[in-house]
> 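Structure provided below as structure tokens; questions to follow.
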Amino acid sequence: MSRLGVLYALTDKELAALCAQPEGERYNYMLAEFEERLFGTTRGCALDKAWYGIQLCLGGGKWRETNRTPLNILVGGEFLVDTKDEIISLKRHGWVKNIAYYLRHFDLAERVRQNFARIADKDDWPAYAADLEYLVENCAGLLPFYDNADKEYLQVIFTVDL
């Protein structure tokens with residue numbers, strides 16, 4: 001169980017091909033078609049395991065998967081896969097545009113810092129979710145990633161193998 005979260009920016013054609021797969025095959029399709037090609041490029045944003053703590057900080061210390069900025073920067077959106085083992089959520093370009101705007105005008109790392117105390121003292125959170133500098137470091141790539149996705153009129157998927 002890796003729990004590694006990654007965002008990918010997809011063209012309409014790539015998204016259509018992903019959505020054409022049966023739901024049970026979409027995660028493996030994503031790995032085969034997008035991971036090798038997009039990981040480490042401007043169309044991929046690796047969050048390692050920090051996604052979990054960042055999502056908690058976005059929610060003010062509580063787990064939330066609502067479909068509004070800023071909570072949908074990572075997990076939220078339209079769920080294409082939502083099982084106990086895998087998640088793929090989609091942010092269509094309208095949301096990508098809103099998220100890019102939010103990230104340009106609000107300091108995500110500062111929001112993480114402000115809400116970190118709400119998650120740091122919880123015994124049931126994994127240690128990687130309770131390391132402030134680790135979370136802040138992993139926030140750094142989100143603005144350039146979403147800016148690029150917005151400029152190229154791409155959709156964004158969040159993926160994680162639970």
Side-chain angles (χ1 to χ4, degrees), residues 1-10 26-27 30-31 34-35 38-152 154-162:
M1 295 194 186
S2 65
R3 298 190 59 85
L4 301 177
V6 183
L7 294 160
Y8 294 108
L10 305 182
R26 288 179 183 164
Y27 197 87
M30 177 276 303
L31 291 174
F34 306 137
E35 185 175 56
L38 301 179
F39 193 85
T41 71
T42 59
R43 290 182 51 205
C45 183
L47 298 163
D48 200 51
K49 296 178 181 181
W51 69 271
Y52 186 76
I54 295 168
Q55 184 73 23
L56 287 169
C57 287
L58 288 172
K62 296 181 180 158
W63 185 259
R64 296 184 183 161
E65 295 175 358
T66 58
N67 205 11
R68 62 181 195 154
T69 305
L71 296 178
N72 67 341
I73 291 171
L74 301 181
V75 179
E78 175 186 336
F79 284 83
L80 303 179
V81 175
D82 188 9
T83 69
K84 66 181 180 75
D85 297 320
E86 302 158 337
I87 292 173
I88 298 178
S89 63
L90 168 66
K91 293 102 175 96
R92 296 193 185 272
H93 186 260
W95 276 111
V96 170
K97 186 172 213 51
N98 291 340
I99 292 168
Y101 177 87
Y102 177 87
L103 293 172
R104 282 192 293 272
H105 293 87
F106 299 93
D107 186 345
L108 181 60
E110 185 56 32
R111 184 171 178 132
V112 168
R113 285 184 189 96
Q114 289 171 347
N115 289 319
F116 181 73
R118 295 179 178 164
I119 70 166
D121 60 351
K122 298 192 187 299
D123 292 331
D124 56 342
W125 301 137
Y128 56 77
D131 179 341
L132 177 59
E133 290 312 309
Y134 175 67
L135 300 183
V136 169
E137 282 176 26
N138 278 280
C139 289
L142 289 167
L143 175 57
F145 171 78
Y146 273 106
D147 259 346
N148 183 65
D150 181 29
K151 289 174 185 163
E152 293 191 25
L154 301 171
Q155 279 58 238
V156 168
I157 58 170
F158 169 77
T159 68
V160 67
D161 177 3
L162 302 169

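Please read all numbers here as calculations on a predicted model, not as lab measurements. In what follows, residues are counted from 1 in the order of the sequence shown.
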> Taking the side chain as every heavy atom from C-beta outward, state whether W51 and L7 have any atom pair closer than 4.5 Å.
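Side-chain contact under 4.5 Å: no.
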
> Can you find a pair of side-chain heavy atoms, one from E35 and one from V6, that are under 4.5 Å apart?
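Result no, sub-4.5 Å side-chain heavy-atom pair not found.
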
> Taking side chain as C-beta onward, heavy atoms only, is L143 less than 4.5 Å from R104?
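Side-chain contact under 4.5 Å: yes.
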
> Rounded to the nearest 0.5 Å, what separation is found between the CG atom of L132 and the SG atom of C57?
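The SG atom of C57 is 7.5 Å from CG of L132, to the nearest 0.5 Å.
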
> So, do K97 and Y146 sit near enough that their side-chain heavy atoms are less than 4.5 Å apart?
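Answer no - side chains too far apart.
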
> Does a side-chain heavy-atom distance below 4.5 Å link L38 with L10?
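With C-beta onward as the side chain, the pair touches.
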
> If you measure from OH on Y102 to CG on D107, what distance do you get to the nearest 0.5 Å?
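So the gap between those two atoms works out to 9.0 Å.
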
> Within 45° of the six-membered ring axis of Y52 and under 6.0 Å from that ring's centre, is NZ or CZ of R3 located there?
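Yes, a cation-pi geometry holds between R3 and Y52.
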
> Drop me the distance from N115's CG to L58's CG, to the nearest 0.5 angstrom.
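If I round to the nearest 0.5 Å, the distance is 8.0 Å.
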
> Looking only at heavy atoms, which two atoms of L142 and C45 are closest? And how far apart?
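Closest heavy-atom pair between L142 and C45: CD2-SG, 4.0 Å.
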
> At what distance, to the nearest 0.5 angstrom, does CG of L56 lie from NZ of K62?
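If I round to the nearest 0.5 Å, the distance is 12.0 Å.
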
> Nearest 0.5 angstrom please: R64 CZ to L71 CG, how far?
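Answer for the CZ-CG pair, R64 versus L71, is 6.5 Å.
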
> What distance separates F158 CZ from I88 CD1, expressed to the nearest 0.5 Å?
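If I round to the nearest 0.5 Å, the distance is 10.5 Å.
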
> Closest heavy-atom contact between P70 and R111?
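So the minimum-distance heavy-atom pair works out to CG-NH1, 3.4 Å.
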
> Between F116 and I119, is any pair of side-chain heavy atoms under 4.5 Å apart?
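Sidechains of I119 and F116: in contact.
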
> Compare all side-chain heavy atoms of L162 with those of T83 and state whether any distance is below 4.5 angstrom.
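Not touching, per the 4.5 Å side-chain cut-off.
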
> Could you tell me which non-hydrogen atom of Q155 sits nearest to which non-hydrogen atom of H93, and how far apart they are?
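Smallest interatomic distance, heavy atoms only, reads OE1-N, 3.1 Å.
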
> Over all heavy atoms of both residues, which pair between D161 and E86 is shortest? Give the atoms and the distance, please.
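D161 and E86 have their closest heavy atoms at OD1-CG, 4.4 Å.
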
> Check the orientation of Y8 and F34. Use parallel for under 30°, tilted for 30 to 60°, and perpendicular for over 60°.
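Ring orientation of Y8 relative to F34: tilted.
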
> Looking only at side chains, do Y134 and D48 share a donor and an acceptor under 3.5 Å apart?
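Yes, side-chain donor-acceptor contact under 3.5 Å.
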
> Is there a side-chain contact between I99 and N72 in this structure, where contact means two heavy atoms from C-beta onward sitting under 4.5 Å apart?
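Of all side-chain heavy-atom pairs linking N72 with I99, at least one is under 4.5 Å.
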
> Tell me the closest heavy-atom pair linking C139 and I54, and the distance in Å.
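Looking at all heavy atoms of both residues, the closest pair is SG-CD1, 3.9 Å.
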
> With K91 as reference, evaluate N98, I73, V156, I157 under the side-chain contact (heavy atoms from CB on, under 4.5 Å) test and give the passing residue.
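Option passing the side-chain contact (heavy atoms from CB on, under 4.5 Å) with K91: V156.
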
> Kindly give the heavy-atom pair with the smallest separation between D150 and V96, and that separation in Å.
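Residues D150 and V96, closest heavy atoms: N-CG1, 3.7 Å.
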
